[in-house]
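Counting begins at 1 with the first residue of the sequence.
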Amino acid sequence: TWISRKIDQETWKRVESIALPGVRWVKEWKRVYPYGTCAGQTLGFVGNDHKGLDGLELTYDRFISGKPGLLQICQDNRKERTLSGAKLIRACEPGEDIVLHLDATLQYICERELKAAVTREEALGGAVVLLDPENGHILSLASVPLCDPNHYLSSKATARINRCIRWVYEPGSTIKIVPVSGILERGFLKEEEPFQLESKRLTMAETLINSDNEGIAYLSHELGKEDCYRLLRLYGFGNSTQIDLPGEEHGILRSLDQWS
């Protein structure tokens, strides 16, 4: 029966000095995350038996865990282990390596600046996703409050949430690319072709550069609800990204009959 597992060196030395009869020690491997809170929620953590319980540790557990070996040994009548007559039945197999596109330096910077912003604005939390525009590789997934996977179970539940994938956000002005791309696809206007509003003339390029709400409203109206909805679906709104992390929210996109 286990009394305690994964105890620290100081505790072990104190208990060992007492020399309690019947108490035996078993050395175990321990997963260590040398970068601490850096990408903590993304990496996830393992339990006492080294099984992945969240994050990439959970997703790729069967690949990185390896396979245990089997060694047949003899015991005396006191059940004290001895290697006399030991026989290797099955050799252990090491797990695979997982290499991420995450950049540790960029991850650290994003977490540092995000934490400062959350503190300054007295917010509950925040998230930063940094992508490589050339290929879509994820360079940083920063979520605050931070979480150290070395102390995952003792951390607060709010710190374990990866807000990059488990919170639903309004897209804000990033959604303006949807009607603009639809107008270009339909050939209604060219990029530098001006169109007239009540108070000004704009091109689509100027509309995007200046994030002009009036111009986007006009373009959306010209495109129509059906095409806007079709493009939102094509851009992935209302669907999960299929990222290889557990617990991703799929977002909210109301059906067309619920639009005003």
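Salt-bridge formation is detected for the pair Asp49/Arg5: a Lys NZ or Arg NE/NH1/NH2 atom is positioned less than 4.0 Å from an Asp or Glu carboxylate oxygen. A salt bridge does not link Glu111 to Lys115: none of the charged side-chain nitrogens sits closer than 4.0 Å to a carboxylate oxygen. One finds a salt bridge joining Asp212 and Lys200 here, because a Lys/Arg side-chain nitrogen approaches an Asp/Glu carboxylate oxygen to under 4.0 Å. Ion pair Arg160/Asp54 not flagged as a salt bridge, since none of the NZ, NE, NH1 or NH2 atoms sits closer than 4.0 Å to an Asp/Glu carboxylate oxygen. Salt bridge annotation for Arg120-Glu113: absent, with no cationic side-chain nitrogen under 4.0 angstrom from a carboxylate oxygen. Using a cut-off of 4.0 Å between Lys/Arg side-chain N and Asp/Glu carboxylate O, Glu57 and Arg31 are scored as salt-bridged.
Between the side chains of Thr241 and Glu248, at least one donor-acceptor pair of N or O atoms lies under 3.5 Å. Judged purely by distance below 3.5 Å, without hydrogens or angles, the side chains of Lys51 and Ser65 never pair a donor atom with an acceptor atom. Side-chain contact, Tyr169 with Glu249: no donor N or O sits under 3.5 Å from an acceptor N or O. Asn150 and Asp148 share a donor-acceptor pair across their side chains, judged by distance under 3.5 Å alone. A donor-acceptor contact under 3.5 angstrom links the side chains of Ser181 and Tyr235, judged on distance only.
Contact check for Asp103 versus Leu130: no side-chain heavy atoms found under the 4.5 Å cut-off. Contact of the Asn239 side chain with the Arg233 side chain is registered, since non-hydrogen atoms from C-beta on lie closer than 4.5 Å. The closest side-chain heavy-atom distance from Phe237 to Ile252 is not below 4.5 Å. The shortest side-chain heavy-atom distance between Asp132 and His101 does not fall under the 4.5 Å cut-off. The closest side-chain heavy-atom distance from Pro145 to Arg163 is below 4.5 Å. Looking at heavy atoms from C-beta onward, Leu139 lies out of side-chain contact with Leu102 at the 4.5 angstrom threshold. Residues Ile216 and Pro179 meet the side-chain proximity criterion, which asks for heavy atoms closer than 4.5 Å. Looking only at side-chain heavy atoms (C-beta outward), Ser211 and Lys176 come within less than 4.5 Å of each other.
Side-chain atoms of Glu222 never come within 3.5 Å of backbone atoms of Ile183 as a donor-acceptor pair (strictly under, hydrogens ignored). Glu206 contributes a side-chain N or O that, together with a main-chain N or O of Thr203, makes up a donor-acceptor pair within less than 3.5 Å. Checking side-chain atoms of Ser143 against main-chain N and O of Ile161 turns up a donor-acceptor pair under 3.5 Å. Under a 3.5 Å cut-off, the side chain of Thr59 and the backbone N or O of Asp244 do form a donor-acceptor pair. The main-chain N or O of Ile7 is never found under 3.5 Å from a side-chain atom of Trp12 such that the two would form a donor-acceptor pair. Side-chain atoms of Glu193 come within 3.5 Å of backbone atoms of Lys190 as a donor-acceptor pair (strictly under, hydrogens ignored). Remark: the backbone N or O of Leu141 is paired with a side-chain donor or acceptor of Gln107 at under 3.5 angstrom.
Tyr218 pairs by the ring-ring contact (aromatic ring centres under 6.0 Å, His included) definition with Phe195, not counting sequence neighbours.
Closest heavy-atom contact between Lys225 and Leu256: O-CD1, 3.8 Å. When all heavy atoms of Cys38 and Tyr108 are compared, the pair lying nearest together is SG-N, 4.2 Å. Taking all atoms of both residues into account, the shortest heavy-atom contact from Leu245 to Ile165 is CB-CD1, 3.6 Å. Of all non-hydrogen atoms in Ile64 and Glu96, the two that sit nearest each other are CG2-O, 3.5 Å. Across all non-hydrogen atoms, the minimal contact from Cys110 to Ala142 is CB-CB, 3.9 Å. In this structure, His250 and Ser240 approach most closely via the heavy-atom pair CB-N, 3.6 Å.
If you take CG on Leu153 and CG on Leu53, they are separated by 7.5 Å, rounding to the nearest 0.5 Å. Summarising the geometry, atom CE belonging to Met204 is positioned 12.0 Å from atom CD1 belonging to Ile209; distances are rounded to the nearest 0.5 Å.
Hydrophobic clustering (ILVMFWY, side-chain heavy atoms < 4.5 Å, transitive): Leu58 and Tyr152 are in distinct clusters. In the hydrophobic cluster analysis, where Ile, Leu, Val, Met, Phe, Trp and Tyr join through side-chain heavy atoms closer than 4.5 angstrom, Leu114 is grouped apart from Tyr35. By the rule that hydrophobic residues join a cluster once side-chain heavy atoms approach within less than 4.5 Å of another member, Val144 and Val129 end up as members of separate clusters. By the criterion of side-chain heavy atoms lying less than 4.5 angstrom apart, applied directly or through intervening Ile, Leu, Val, Met, Phe, Trp or Tyr residues, Ile175 is not grouped with Leu131; the two fall into different hydrophobic clusters.
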